[in-house]
Amino acid sequence: MPDTISTTISPEGSLEILSQQEVERLHDTSRSGLHDLLRNCSLAVLNCGNLTDDGLALLETYRDFDIEVLQQDRGVRLKITNAPAEAFVDGKMIRGIREHLSAVLRDIVYVYNEIQTRHRFDLQTAEGTTNAVFHILRKAGTLKPGRDPSLVVCWGGHSISREEYDYTKSVGYHLGLRELDICTGCGPGAMKGPMKGANVAHAKQRRSQGRYLGVSEPGIIAAEAPNPIVNELVVMPDIEKRLEAFVRLGHGILVFPGGVGTAEEILYLLGILLHPDNTDMELPVILTGPASAADYFKRIDEFLVYTLGEEVRRHYRIIVDDPVEVARAMRVDIDRVAEYRRSRQDAFYYNWRLTVARNFQETFEPTHEAMASLALHREQPVHELAANLRRAFSGIVAGNVKELGLRAIEAHGPFRLHAEPELMARLDELLSSFVDQGRMKLAGDYVPCYTLG
């Protein structure tokens, strides 16, 4: 059995009191309750010192772990039973972990109260969803109206090679020397490296209020604990709102090597930037990695140009094996973002002007019916094709590596896609290149989980 510690702590942050109804909901272990969600996310946060991203294995290892919210006269207390000992130093919980626990509790309560039950926002509209994202971020304290643009969103794989990880750390270091801050999905790999590098550089530059912002959602946190450098954590209710939070908060976006999930994020981002309403939008995007990742980005670039046209290259650039140039370019680009927003009297802290269409906000469930209905052809606006391609990626990944997708394929056979043959051939080549590069977690040979209708 692993070493564990039990204790009772006070939350670290803005959440000090809860209503009796909120406490009861956090105790509720039924499907409509919040206890299991709080327990799973809290365990992952407390497990941040262990190198595992297998949520099921973690729950089994610490099956006796529990967390209980206690309502007392002086405010909320958290009773924690059989937590991983790595979250403590000499019996006292590490402060950063205590902050992350409090952030998880705060956002779970707020999302349930204000987003899911009161119907305060019309989540069937683009405007309502964007407002919901704004209010979650504001509640978490992540909107900083008094600061100039400096936030670089970093995307990439959580399970990357050591060479690629060291490269992300080097890029983060040179960003930090230029007084830029980091926003990531807060897990390991390409999300942890830039924060570690920037942290050292900020110390050298005596930047005492450097930002290391982690934006996650419950399913991700339960699998990938926030890395301990994160000093601002916000938990979004689902992946789509999480992605919108990134593009609304960020002043520039870096994409490091990853796998199919990273390719999905690239399609999400470019689909938004290709929307006609965003023609003049200043949101710099750089794809970068060490020399060994050159082929990864080459294959993605070829696929993007074939499917979305040569114009797509206007929205990103690829810089390989040059951390200094990446940081210099991003610094210049973000200064341009500041001037762009200043000239239009736009907020620095939230990109209201950016149009995010509904097909980038709606949750996509990769069922056989949904996959068959995707419009995968080039006789449509490119931003709509990008949205459908992203959904196809999501379904193909689910059918190859995710439990629910594998079960659906086993029960009903391959997904049937109605698409241009050449387009699907290009997609198949791209996915096969990820397999060859070891970027897909597959048992045995890669077998396509789809057929052409």
Side-chain angles (χ1 to χ4, degrees), residues 1-18 23 26 35 38-55 57-108 140-141 165 169 172 182 184 186-189 191-193 195-204 206-214 216 221-235:
M1 289 292 294
D3 291 337
T4 62
I5 291 178
S6 299
T7 188
T8 300
I9 65 169
S10 297
E12 180 79 24
S14 60
L15 183 67
E16 297 175 353
I17 58 174
L18 295 173
V23 173
L26 289 164
H35 177 266
L38 175 63
R39 177 182 181 272
N40 294 350
C41 291
S42 297
L43 177 56
V45 166
L46 290 160
N47 189 59
C48 70
N50 294 325
L51 300 177
T52 178
D53 60 1
D54 187 334
L58 177 62
L59 290 171
E60 178 60 27
T61 300
Y62 294 96
R63 57 184 177 273
D64 294 329
F65 167 78
D66 200 10
I67 181 168
E68 182 181 358
V69 179
L70 305 177
Q71 183 73 294
Q72 299 181 346
D73 291 341
R74 290 177 293 174
V76 171
R77 299 270 284 171
L78 300 178
K79 181 181 179 182
I80 297 169
T81 305
N82 296 323
E86 289 79 7
F88 300 81
V89 175
D90 297 334
K92 187 175 182 179
M93 186 177 293
I94 296 169
R95 182 173 180 178
I97 294 176
R98 189 152 60 102
E99 290 177 353
H100 291 170
L101 274 180
S102 301
V104 166
L105 177 60
R106 175 201 66 214
D107 293 338
I108 287 176
Y165 173 76
K169 191 161 60 173
I182 307 296
T184 76
C186 79
M191 293 162 279
K192 182 178 181 179
M195 286 192 175
K196 291 195 72 173
N199 186 260
V200 173
H202 286 165
K204 287 187 175 182
R206 303 300 187 262
R207 186 176 176 84
S208 60
Q209 296 186 16
R211 301 187 68 189
Y212 315 102
L213 172 57
S216 194
I221 283 189
E224 301 171 5
N227 77 69
I229 299 173
V230 171
N231 62 5
E232 300 176 54
L233 175 64
V234 56
V235 183

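Source: prediction; values computed, not measured. By convention here, the first residue in the shown sequence is residue 1.
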Could you measure the distance from the CD1 atom of Ile182 to the NE2 atom of His202? Nearest 0.5 Å is fine.
6.5 Å

What's the spacing between Lys196 NZ and Met191 CE if we round to 0.5 Å?
14.5 Å

Looking at every heavy atom in both Leu213 and Asn231, which two are closest together, and how far apart are they?
N-OD1, 4.5 Å

Spatial distance of atom CD1 (Ile108) from atom NE2 (His35) [nearest 0.5 Å]:
11.0 Å

side-chain contact (heavy atoms from CB on, under 4.5 Å) partner of Ile67, chosen from Thr81, Leu38, Leu26:
Leu38

Does the Ser6 side chain pair with the main chain of Asn82, one donor and one acceptor, at a distance under 3.5 Å?
yes

Are Glu99 and Leu233 close enough that some pair of their side-chain heavy atoms sits under 4.5 Å apart?
no

Between Arg77 and Ser10 the two heavy atoms that sit nearest each other are NH1-OG, 2.9 Å

Atom of Val235, atom of Asp107 and distance for their closest heavy-atom approach:
N-OD2, 2.7 Å

Residue pair Tyr62 / Asn47: nearest heavy atoms and the distance that separates them:
CE1-OD1, 4.0 Å

Please tell me if the side chains of Leu43 and Pro84 come closer than 4.5 Å, counting only heavy atoms from C-beta onward.
yes

Rounded to the nearest 0.5 Å, what's the gap from SG on Cys186 to CG on Asn227? Could you check?
7.0 Å

Could you state the interatomic distance from CD (Glu232) to NE2 (His100), rounded to the nearest 0.5 Å?
10.0 Å

Consider side-chain contact (heavy atoms from CB on, under 4.5 Å). Of Ile5, Asp66, Thr8, Leu101, which one does Ile80 pass it with?
Leu101

Of the non-hydrogen atoms in Leu46 and Ala87, which two are nearest, and what is the gap between them?
O-CB, 3.4 Å

Closest approach of Phe65 to Ala83 (non-hydrogen atoms, all atoms of both residues)
CD1-CA, 3.8 Å

From Lys92 atom NZ to Arg98 atom CZ, the distance as rounded to the nearest 0.5 Å
7.0 Å

